[in-house]
Amino acid sequence: MLDQLLSATTLISSAIGALLATLAAEFIKSLVRRTQLAETQRDIDLADILNCIIDINATAEKYWLKSAAELGADRYVMEAQIRAKLHHTAKLIAGLFSAPLKYECDTAHHKLMDAVSGGNFGEPDREPMPERLTHVSVTAMDLRHIVSTQRRKLKRGVLA
Amino acid sequence: MINIADDFTQFPGGRYKRNGKGSGEEFREKFLVPHLKAQERIVIDLDGVSGYPPSFLEEAFGGLIRQGYSEATLKQFLSFKAGPVFDSYIQMIWGYISKEARQVH
């Protein structure tokens with residue numbers, strides 16, 4: 001009788017032990033998955049920022065190479081694309097980074113904004129300004145470099 | 001409190017009124033100058049718009065220096081409110097004000 005009771009207790013204890021071990025393993029797996037997902041999402045946001053910068057640079061090259069009159073109605077489309085992508089980049093930066101990493105990205109982003117959409121951007125009598133293109137490209141490359149650097153500085157989860 | 005999106009436009013435009021609706025010049029004349037003339041403190045809420053072109057911000061705020069207001073006066077009367085996405089524009093605005101003040105003096 002006592003033997004049977006002991007075997008039953010051992011059986012129940014080992015079952016509980018096995019259950020707890022499985023639960024713990026699943027819990028750790030879910031933590032790892034969650035951390036990896038967060039890291040993947042950060043990489044996706046970074047790629048999105050980098051692509052936006054490339055697009056902004058490309059549109060700005062076409063925009064500043066011609067006068068407002070030469071571009072005609074296309075200038076409204078280009079101006080809208082530039083503004084929207086600059087703002088989207090600001091949103092992604094705000095989502096990805098917090099102070100102090102964000103500050104450096106913001107500063108570089110402002111320089112790109114000034115280069116791309118400063119001066120007489122949007123003016124109906126604007127003349128071509130090809131000399132602006134170097135500044136646009138330099139600030140775009142600077143922002144790409146700074147954003148990538150700051151991404152590497154983001155603290156990674158231990159389980160990632 | 002001036003909420004740009006609600007009180008002025010959701011789509012800030014270019015520098016001058018001749019560029020169309022929602023320009024920096026129009027915002028400065030309609031909203032900033034009257035308050036500054038009355039020596040009233042203004043809180044400007046930047047959230048909710050589709051982004052700010054630098055030419056809009058420079059003309060609206062840097063233009064105040066060109067109109068004769070000192071940087072110290074603007075620091076006394078202007079303040080800004082913004083969430084995480086728009087707070088970087090505050091840094092830009094004060095940058096334009098300081099840059100213009102350095103050029104004027």
**Asked** Is atom CD of A/Glu131 surrounded by more than 12 heavy atoms (other residues, nucleotides or ligands) closer than 6.0 Å?
**Response** yes
**Request:** Output the distance between atom CG (B/Leu57) and atom NE2 (A/His110), rounded to the nearest 0.5 Å.
**Result:** 9.0 Å
**Item:** Approximate separation, where rounding is to 0.5 Å, of A/Asp125 CG and B/Arg18 CZ
**Value:** 4.5 Å
**Region of A/Thr107 that comes under 4.5 Å of a non-hydrogen atom in chain B** = both
**Prompt:** Same cluster for A/Ile146 and A/Ile53 if Ile/Leu/Val/Met/Phe/Trp/Tyr side chains link at under 4.5 Å?
**Reply:** no
**Item:** Student check: side-chain heavy atoms of A/Tyr103 and B/Gln91 closer than 4.5 Å
**Value:** yes
**Prompt:** Does some side-chain heavy atom of B/Met92 sit less than 4.5 Å from a side-chain heavy atom of A/Asp106?
**Reply:** no
**Asked** What residue, out of B/Gly14, B/Pro84, B/Gly20, has the most heavy-atom pairs lying under 4.5 Å from chain A?
**Response** B/Pro84
**Message:** Hydrophobic clusters here meaning ILVMFWY residues chained together by side-chain heavy-atom distances under 4.5 Å, can you tell me if B/Ile90 and B/Leu32 are in one?
**Reply:** yes
**Message:** Could you tell me if A/Asp114 and B/Tyr96 have a donor-acceptor pair between their side chains, going purely by distance under 3.5 Å?
**Reply:** yes
**Message:** To the closest 0.5 Å, what do you measure between NZ (A/Lys91) and OG (B/Ser88)?
**Reply:** 12.5 Å
**Prompt:** To the nearest 0.5 Å, how far apart are CZ in B/Arg15 and CG in A/Asn120?
**Reply:** 8.0 Å
**Message:** Looking at B/Glu40, I want to see if its CD is surrounded by more than 12 non-hydrogen atoms of other residues, nucleotides or ligands under 6.0 Å.
**Reply:** yes
**Prompt:** So, B/Ser55 versus A/Glu123: side-chain donor-acceptor pair below 3.5 Å or not?
**Reply:** no
**Prompt:** For the candidates B/Pro54, B/Gly51, B/Ser23, which exhibits the highest count of non-hydrogen atom pairs separated by less than 4.5 Å from chain A?
**Reply:** B/Pro54
**Item:** Exercise: identify the closest heavy-atom pair between B/Val49 and A/His87
**Value:** O-NE2, 3.9 Å
**Request:** With a 4.5 Å cut-off on heavy-atom pairs, point out which of A/Gly118, A/Pro124, A/Cys105, A/Ala84 contacts chain B the most.
**Result:** A/Pro124
**Asked** Can the ring centroids of B/Tyr89 and A/His109 be said to lie less than 6.0 angstrom from one another?
**Response** no
**Message:** Using the rule that Ile, Leu, Val, Met, Phe, Trp and Tyr join whenever any side-chain heavy atoms are under 4.5 Å apart, tell me whether A/Leu65 and A/Tyr63 fall into a single cluster.
**Reply:** yes
**Prompt:** Under a 4.5 Å side-chain heavy-atom rule over Ile, Leu, Val, Met, Phe, Trp and Tyr, are A/Leu50 and A/Val116 clustered together?
**Reply:** yes
**Fill in**
Between A/Met113 and B/Tyr52, the two heavy atoms sitting closest are CE-O, 3.0 Å
**Message:** I'd like to know if A/Leu154 and A/Leu46 are part of one continuous hydrophobic network [Ile/Leu/Val/Met/Phe/Trp/Tyr, side-chain heavy atoms within less than 4.5 Å].
**Reply:** yes
